[in-house]
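Shown next, in structure tokens, is the structure this report addresses.
When reading the values below, keep in mind they use all heavy atoms of this one structure, side chains included, and skip hydrogens, waters and symmetry mates.
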Number of protein chains: 2
Amino acid sequence: MKKVEEELVGVKEIARRANVSIATVDRVLHNRTGVSEKTKEKINSIIQELDYQPNLLARRLASRKAIQFAILIPQISNETDFWQAPLNGIEQAEAEIIQYGIKLDKYFFDLNNKSSFVKQTQVLLKGNLDGVLLAPSFIEESIAFTKELQKRNIPYIFIDSDIPNQESLSFIGPDLFQTGYLAGHLINYLFESGKILLVNISKEIDNHHHLLRKEEGFRTYFQKNNINKEIVKIDIRKTDYKSIKKNLAKILTKEKDVKAIFVTNSRVSYVAHFIEESSIQDKLLIGFDFLNENIEYLKKGTIDFLICQKPQEQGYRGIMALYNKIVQQAPIEKAYFMPIDIVTKENYAFYRN
Amino acid sequence: MKKVEEELVGVKEIARRANVSIATVDRVLHNRTGVSEKTKEKINSIIQELDYQPNLLARRLASRKAIQFAILIPQISNETDFWQAPLNGIEQAEAEIIQYGIKLDKYFFDLNNKSSFVKQTQVLLKGNLDGVLLAPSFIEESIAFTKELQKRNIPYIFIDSDIPNQESLSFIGPDLFQTGYLAGHLINYLFESGKILLVNISKEIDNHHHLLRKEEGFRTYFQKNNINKEIVKIDIRKTDYKSIKKNLAKILTKEKDVKAIFVTNSRVSYVAHFIEESSIQDKLLIGFDFLNENIEYLKKGTIDFLICQKPQEQGYRGIMALYNKIVQQAPIEKAYFMPIDIVTKENYAFYRN
DNA sequence: TCATCTTCCGGTAGCGTACCCGGAAAAGAA
DNA sequence: TTCTTTTCCGGGTACGCTACCGGAAGATGA
């Protein structure tokens with residue numbers, strides 16, 4: 001039972017009650033050495049009793065050293081600017097907390113180049129860090145890196161994709177399986193008969209488990225609901241338009257009865273482009289991510305639905321989770337799954353990435 | 001062009017450069033009286049030049065008086081607990097900023113009782129306020145109230161519904177027209193032939209323009225896209241289940257060809273209940289809001305889609321907007337429309353209100 | 001000219017916490 | 001016992017800013 005008017009007590013009051021100086025109280029608050037067991041207990045019990053909440057304003061003000069965070073995420077390439085959104089969110093959070101004495105270093109790696117990831121982790125480890133936000137795109141290397149972080153007692157959070165069974169503070173990102181499941185549901189709702197074409201477009205092997213997990217969810221929807229729809233699958237391992245076009249043309253002439261196309265990642269705009277170019281009609285097209293290219297086709301009606309997962313908010317929440325945990329010492333959830341948003345021609349203008 | 005390492009300057013440095021005391025700098029910072037025009041200009045130019053950003057930590061710490069906010073929203077009734085969600089968001093924001101010396105008073109009124117609203121505004125005005133978050137459910141009364149706020153120079157923000165052309169700092173809530181428009185789009189996608197039943201369930205006259213605006217958007221969708229679907233409309237002015245049941249039974253026996261039902265607010269669970277009870281099959285049902293009752297029917301498949309607008313986030317953002325504007329002195333948007341979210345059986349578990 | 005107001009400004013005590021410095025008391029070593 | 005360590009603790013200052021108090025000029029009136 002808390003008091004209604006929580007009179008704010010400070011170290012001074014605690015010191016008075018314990019008959020010690022505030023310096024001693026401070027020592028037990030930060031459990032530094034130099035306090036006898038007896039007075040320590042006494043002070044602790046008073047802290048408990050008063051439910052002392054330190055004044056974070058004063059704490060940050062008095063604390064001379066800034067808190068140092070670092071992020072490690074893929075760089076924005078001209079191949080995909082997906083990571084622009086998380087970065088925006090990260091920078092928004094940075095702007096909000098910089099005045100509270102938090103510094104943020106940003107490191108980027110090349111998604112097509114493992115060694116760039118490793119190299120950046122090494123640079124990063126040279127700094128004196130209090131927390132890391134990390135996109136563990138390369139699994140082996142990420143595990144090695146986080147092992148090192150644990151050894152140094154530096155907390156870290158995964159963003160966008162998770163590596164289970166790690167000691168991360170939290171994971172912030174999509175639930176891939178459920179996302180695929182939802183895609184199945186949407187497609188099933190929207191058409192009656194015909195086959196479904198499932199399109200994976202990706203060359204990075206490491207990111208492939210991403211797509212597989214979505215596919216799993218997608219297929220599970222149909223199994224679980226005993227829906228007998230034929231799913232034709234195609235893997236396209238080259239991400240230039242020419243290759244995509246060739247592959248799509250081939251499969252679509254072979255499979256005449258395809259009525260819906262599910263692209264398992266953000267490259268759906270290529271497929272949309274192909275559909276327009278080939279004057280294909282009446283195919284339901286579903287893909288991922290709120291990218292400008294995709295939105296263009298959504299507006300025109302070539303893409304029917306986009307499934308999005310608030311990449312900007314992922315970045316924002318990632319940094320804020322670090323801040324809340326490390327500065328505010330608030331408890332945080334072990335996993336924060338982003339909502340699965342359905343974006344259409346009508347609501348895209350109101351979508352906030 | 002800002003410096004990379006923005007060396008943090010404080011009042012002390014400004015005072016040194018201007019050859020005055022920090023007290024004088026403080027005076028111009030808060031444009032208090034007692035500074036000659038000449039030194040004022042000098043100090044201001046130095047502030048400009050150095051791009052001085054006050055240390056908010058120190059400011060809040062040194063400022064003895066707490067900042068006082070107030071909210072005025074409908075109380076949670078057993079008729080509808082819709083406002084629980086915004087209140088949760090508000091309390092979340094409160095918890096986050098209370099440590100920065102912000103106090104929040106909460107006032108509630110009865111949606112079925114105008115005079116309770118007026119009474120609360122009067123109580124509220126007795127306090128010494130720095131900002132108000134307000135649900136302007138009663139238009140005339142709200143305008144009178146905000147006029148008074150303006151006279152006293154108290155900034156305010158509207159939440160949930162807007163009154164245009166007012167001097168509010170911001171509006172945070174849904175875009176009703178677009179929401180209805182989206183509902184039209186969804187329904188049109190999901191079935192081929194038959195009539196649409198549009199159901200308004202509401203007794204509060206003042207809230208009625210809410211529903212009308214949604215209906216307008218809904219109808220506009222069909223007009224704009226030259227879709228010729230018959231829309232049957234029913235207004236139910238009593239909100240108990242018995243009345244609803246009677247009305248629905250009547251219209252559905254009369255209109256045999258109704259294939260889709262669009263309920264324009266959160267009372268869709270009543271309709272779902274009726275549908276189950278009457279063993280009606282194969283009707284598409286769309287309504288609003290992420291309420292427990294609604295989710296139950298969504299799970300069972302009786303309700304197909306719910307359109308939601310993050311009520312909790314509305315509350316959170318409302319308070320945070322006040323905070324950002326008044327404490328942080330950050331610019332805020334004149335209107336912040338919430339995203340229009342589509343919730344289904346598959347993604348509801350990941351929806352964050 | 002002297003008294004009284006204004007105008008303009010500087011000094012300074014906090015706000016609640018962190019942390020350094022140095023000193024007293026207790027414990028160990030001789 | 002006396003000297004040296006070690007353990008334990010208090011005093012005091014700093015963080016950047018707010019706001020009160022009071023004082024030195026200048027302006028005004030008689």
Side-chain angles (χ1 to χ4, degrees), chain A residues 6-44 46-47 50-67 98-103 130 326-329, chain B residues 6-44 46-47 50-67 98-103 130 326-329:
Chain A
E6 196 78 57
E7 273 315 317
L8 14 71
V9 293
V11 283
K12 217 186 296 188
E13 174 66 11
I14 296 172
R16 201 185 58 76
R17 296 204 189 196
N19 236 328
V20 295
S21 75
I22 57 171
T24 303
V25 176
D26 189 66
R27 272 185 273 266
V28 338
L29 275 175
H30 296 87
N31 50 292
R32 269 179 264 138
T33 59
V35 186
S36 72
E37 208 51 45
K38 219 178 74 185
T39 50
K40 190 172 183 173
E41 271 174 32
K42 189 170 167 192
I43 291 175
N44 268 326
I46 293 178
I47 288 176
L50 270 68
D51 187 31
Y52 164 72
Q53 299 294 112
N55 184 323
L56 295 173
L57 290 179
R59 171 167 288 184
R60 292 291 324 135
L61 181 63
S63 173
R64 259 123 252 251
K65 58 173 186 292
I67 289 177
I98 198 167
Q99 55 179 314
Y100 300 136
I102 283 97
K103 295 259 168 71
D130 300 291
I326 294 166
V327 182
Q328 315 265 23
Q329 294 164 220
Chain B
E6 197 77 57
E7 272 315 316
L8 13 69
V9 293
V11 282
K12 217 185 297 186
E13 173 66 10
I14 297 172
R16 201 184 58 76
R17 296 205 189 197
N19 234 329
V20 295
S21 75
I22 57 170
T24 303
V25 175
D26 190 63
R27 271 185 275 266
V28 338
L29 275 176
H30 297 85
N31 52 293
R32 272 180 259 138
T33 60
V35 186
S36 72
E37 207 52 44
K38 219 178 74 185
T39 50
K40 190 174 185 173
E41 271 173 30
K42 190 169 164 190
I43 291 174
N44 268 327
I46 292 177
I47 289 175
L50 293 174
D51 186 31
Y52 165 72
Q53 299 294 112
N55 183 323
L56 295 171
L57 290 177
R59 171 170 288 183
R60 291 295 321 139
L61 183 62
S63 171
R64 264 124 241 259
K65 61 173 188 295
I67 287 178
I98 199 167
Q99 54 178 319
Y100 300 136
I102 282 97
K103 293 261 169 72
D130 301 290
I326 294 167
V327 182
Q328 315 264 24
Q329 293 163 217

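- Of all the residues in residues 54-61 of chain A, Pro54(A), Asn55(A), Ala58(A), Arg59(A) reach under 4.0 Å from DNA chain C with at least one non-hydrogen atom.
- Between the CD atom of Gln53(B) and the P atom of dG16(D) there is a distance of 15 Å, given to the nearest Å.
- Among the atoms of the strands shown, base atoms are found under 4.0 Å from some heavy atom of Gly34(B).
- Within the 4.0 Å cut-off from OP1 or OP2 of dT7(D), not a single side-chain nitrogen or oxygen of Thr33(A) is found.
- Atom NZ of Lys42(A) and atom C1' of dC9(D) are 13 Å apart (whole Å).
- Taking every heavy atom of both residues into account, Ile43(B) and Ala18(B) meet most closely at CG1-CB, 3.9 Å.
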What protein N or O atoms touch nucleotides 19-22 of chain C N or O atoms at under 3.5 angstrom, if any, and at what distances?
none

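- When all heavy atoms of Val25(B) and Val20(B) are compared, the pair lying nearest together is CG2-CG2, 3.9 Å.
- Straight-line distance from the CD1 atom of Ile14(B) to the P atom of dG10(C): 14 Å, rounded to whole Å.
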Which pairs, protein N/O on one side and nucleotides 23-25 of chain C N/O on the other, fall under 3.5 Å?
none

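- The side chain of Ser21(A) places no N or O atom within less than 4.0 Å of a non-bridging phosphate oxygen (OP1 or OP2) of dG11(D).
- To the nearest angstrom, P of dG26(D) lies 12 Å from NZ of Lys38(B).
- Ile47(B) places its CD1 atom 11 Å from the P atom of dC17(D), with the value rounded to the nearest Å.
- In this view, Lys40(A) and Val28(A), Val35(A), Glu37(A), Asn44(A) satisfy the side-chain contact (heavy atoms from CB on, under 4.5 Å) rule, not counting sequence neighbours.
- Taking Ser21(A) as the reference, Thr24(A) meet the side chain to side chain donor-acceptor pair (under 3.5 Å) condition, with sequence neighbours excluded.
- Every residue meeting the side-chain contact (heavy atoms from CB on, under 4.5 Å) condition with Ile102(A), not counting sequence neighbours, appears here in chain and number order: Ile67(A), Phe69(A), Ile97(A), Tyr100(A), Tyr323(A), Val327(A).
- Among residues two or more places apart in sequence or in another chain, the side-chain contact (heavy atoms from CB on, under 4.5 Å) test is passed with Ala58(A) by Asn55(A), Leu61(B).
- Rounded to whole Å, the distance from CD on Glu13(A) to P on dT17(C) is 12 Å.
- Out of dG10(C), dC17(D), dC15(D), the shortest distance to the side chain of Lys12(B) is found at dC15(D).
- Atoms CD1 and CD1, from Ile14(A) and Ile47(A) in turn, are 4.5 Å apart once rounded to the nearest 0.5 Å.
- Of all the heavy atoms in Ala66(A) and Lys103(A), the pair that sits closest is CB-CG, 3.9 Å.
- Residue pairs meeting the salt bridge (Lys or Arg N to Asp or Glu O under 4.0 Å) criterion with at least one partner in residues 15-29 of chain A, sequence neighbours excluded, are Glu13(A)-Arg16(A), Glu13(A)-Arg17(A), Asp26(A)-Arg32(A).
- OP1 or OP2 of dG16(D) has not a single side-chain nitrogen or oxygen of Tyr100(A) nearer than 4.0 Å.
- Shown here are the side-chain contact (heavy atoms from CB on, under 4.5 Å) partners of Leu56(B), two or more places apart in sequence or in another chain: Gln99(A), Arg59(B), Gln328(B).
- Comparing the local axis fitted to the first five base pairs of the helix from dT1(C)-dA30(D) to dA30(C)-dT1(D) with the one fitted to its last five gives a bend of 50°, rounded to 10°.
- Atom CD1 in Ile43(B) sits roughly 13 Å away from atom P in dC8(C) (whole-Å rounding).
- Judged as a side chain to side chain donor-acceptor pair (under 3.5 Å), and not counting sequence neighbours, the contacts of Ser36(B) are Thr39(B).
- Contact check, Thr39(A) against dC8(D): no side-chain N or O comes under 4.0 Å of OP1 or OP2.
- For Tyr52(A), there are no ring-ring contact (aromatic ring centres under 6.0 Å, His included) partners two or more places apart in sequence or in a different chain.
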